[in-house]
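Here the structure is laid out as structure tokens; the discussion comes afterwards.
Sequence positions, counted from 1, serve as the residue numbers for this chain. Hydrogens, waters and symmetry mates play no part in the numbers below; they use all other heavy atoms, side chains included.
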Amino acid sequence: MGVKEYMTGEAMNQDRIWSFTDLKKEVIDGGTCGKCGGCVSFCSANRIGALKIGDNGFPAYEDEDKCLTCGLCYMVCPQTHPLQDEIDTVYDWEPPIGHFKDVFSARSADTEILRAGTDGGVVTALLVHLLENGFIDGAAVSIAEGPLRRKAIVATSREELIQAAGSHWAEVPHLEEVGEGYSNFVPVIRSIRELEPKKLKKIAVVGTPCQIGAVRKMQVLNIVPSDIVVLTIGLFCMQCFEIDHLMDKGFMKNHKVTTDDVDGVNIKDDFMLKLKSGITVHVPLEEIEEIARPACLACKLFANDYADISVGGLGSPDGYTTVMIRTINGKRMFADAVYDGSIEYRTRKSMTDYAVEMSTIVSQVVEFAGKKKARGIKFREQYRR
Ligand SMILES: Cc1cc2nc3c(=O)[nH]c(=O)nc-3n(C[C@H](O)[C@H](O)[C@H](O)COP(=O)(O)OP(=O)(O)OC[C@H]3O[C@@H](n4cnc5c(N)ncnc54)[C@H](O)[C@@H]3O)c2cc1C
Ligand code: SF4
Ligand code: SF4
Ligand code: SF4
């Protein structure tokens, strides 16, 4: 099938066809590649090896002669814009944080999941409910695979989903031993490509805004197998980290934390180092820019505007997840999990309390989305100089 046959609307009307050479020049050499792997995973010449993930994690030509100059890699990249108008239309995007139908704090009603979850365990509770009730056959998530490392998997059981929950570092004996190149960014969308042989028909994808952006672009272009993604759960995302020689970092010294003290990390309105003693050390986000991936500092995406459901810790009390329902599909699936008793809303005394909660959360999300956009613009300008 020719690539034009994949395309619809705006994409179909493009006069220009791009290639990986454009992507390299504009995004990779331009410093905004977030290593999501979308271009390599969905390259039309994937099976004959036109592209590869290079040693440094950035995509590269494996054999340029095999490139079909179809432009798909360029179009699905979350850092390019040829499909922007199309996805804005499909997902009713409106400023400043995209369209949403409802916003609230919620948590898992299952204590095992609540304990395992990063915030309120809502993501895991929802996925377990959807799996056990036949809405999905699996979910692309990330799972711990040893000291400080996570890998992308498609979880197909409650046990795997619970294993994927949370962001604990408890099993790490000495964080300073973690080698260079560790990153908490997990390229979950690469696992979708590997799914075809498994014959899963309906999957959910959990991902950062760049990852969900790439999935949405694939869906707009009808690229197989994005058609099997029936739900996208988008994480709020201020930044991902690349951690090496953690103890040398200023913020660890400033806050008198040693690597042996750390049990886990989380981000809400600041960076939280959760210590084994039970104390949580709060570090301003500006202080941890030194461990952010450069592409994340140049990134302007925060609230996962195109997901069916966006989630984060920001705006909710400890033990709860902030949930932003964006699409009818997201609303239907979430409502089913609440109706079934898998997820519970935070109790509010009155409709006034509910309205206050909603506007507080929205204003915090808008504030952080604005901060991130301003940071992205600043870093892009610095990079250009
Ligand atoms: C890299 C990253 C950055 C984040 N930044 C912010 C932020 O700035 N502000 C904020 O409010 N919230 C942020 N979050 C979201 C927050 O940490 C929680 O994931 C969210 O509130 C859901 O909590 P939960 O308890 O409902 O999820 P859980 O039930 O614990 O489930 C979390 C799900 O996310 C999946 N996951 C974990 N790591 C990754 C990853 N790297 N890529 C893709 N999927 C992953 C897990 O496999 C699991 O399925 C971030 C999350 C991640 C992974
Ligand atoms: S074949 Fe298409 S998708 Fe693959 S590298 Fe070439 S232009 Fe990109
Ligand atoms: S951001 Fe993703 S799709 Fe874009 S160049 Fe980097 S790896 Fe490829
Ligand atoms: S900040 Fe988040 S959304 Fe942006 S490139 Fe990094 S991981 Fe992706």
Report task. Please test Thr208 against Gln211 for side chain to side chain donor-acceptor pair (under 3.5 Å), starting from the C-alpha separation and ending with a verdict. Result -> CA-CA 5 Å; Thr208 51; Gln211 295 171 330; 3.1 Å; yes
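- The residues Lys268 and Asp318 are annotated as salt-bridged, a charged nitrogen and a carboxylate oxygen being separated by less than 4.0 angstrom.
- Checking Thr118, Val311, Thr124, Ile343 one by one against Thr321, the side-chain contact (heavy atoms from CB on, under 4.5 Å) holds for a single residue, Val311.
- Shown here are the side-chain hydrogen bond (donor to acceptor under 3.5 Å, both in side chains) partners of Asp102, two or more places apart in sequence or in another chain: Tyr354.
- With Asn46 contributing its side chain and Val40 its backbone, the two residues share a donor-acceptor pair below 3.5 Å.
- The side-chain contact (heavy atoms from CB on, under 4.5 Å) with Val215 is formed by just one residue from the set Val76, Val229, Ile223; it is Val229.
- Summarising the geometry of Thr280 relative to Lys274, their closest heavy-atom pair is OG1-CG, 4.0 Å, with the distance given to 0.1 Å.
- Remark: side-chain polar atoms of Asp308 are not paired, donor with acceptor, to backbone N or O of Asn329 under 3.5 angstrom.
- Applying the ring-ring contact (aromatic ring centres under 6.0 Å, His included) criterion to Phe302, with sequence neighbours excluded, gives Phe236.
- For the side-chain contact (heavy atoms from CB on, under 4.5 Å) test with Tyr74, the passing option among Asp22, Ile17, Val27 is Asp22; the others fail.
- Put simply, the side chain of Asp137 gets close to the backbone of Lys201: a donor and an acceptor are under 3.5 Å apart.
- Listed here is the closest heavy atom pair of Cys73 and Leu51: CB-CD1, 4.4 Å.
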Query raised in the report: Can Ser310 and Arg326 be said to form a side chain to side chain donor-acceptor pair (under 3.5 Å), step by step?
Result: CA-CA 7 Å; Ser310 301; Arg326 294 187 180 276; 2.7 Å; yes
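- A cation-pi geometry, defined here as NZ or CZ lying under 6.0 Å from the six-membered ring centre and within 45° of its normal, does not hold between Lys202 and Phe135.
- Between Lys24 and Asp29, at least one side-chain N (NZ, or NE/NH1/NH2) sits under 4.0 Å from a carboxylate O, which counts as a salt bridge.
- Residues meeting the side-chain hydrogen bond (donor to acceptor under 3.5 Å, both in side chains) test with Arg158, sequence neighbours left out: Asp110, Glu112.
- Using the six-membered ring where Trp is involved, Phe104 and Tyr345 have ring planes that are perpendicular, over 60° apart on the 30 and 60° scheme.
- Partners of Asp119 under the side-chain hydrogen bond (donor to acceptor under 3.5 Å, both in side chains) rule, at least two apart in sequence or in another chain, are Asn266.
- Residue pairs satisfying the side chain to side chain donor-acceptor pair (under 3.5 Å) criterion with at least one member in residues 58-68, sequence neighbours excluded, are listed as follows: Thr21-Tyr61.
- Judged as a side chain to side chain contact (heavy atoms under 4.5 Å, CB included), and not counting sequence neighbours, the contacts of Thr69 are Ser19, Cys67.
- The main-chain N or O of His129 is found under 3.5 Å from a side-chain atom of Asn133 such that the two form a donor-acceptor pair.
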Query - Residue pair Ser316, Arg346: steps toward the side chain to side chain donor-acceptor pair (under 3.5 Å) verdict - result: CA-CA 9 Å; Ser316 286; Arg346 193 157 91 93; over 6 Å; no
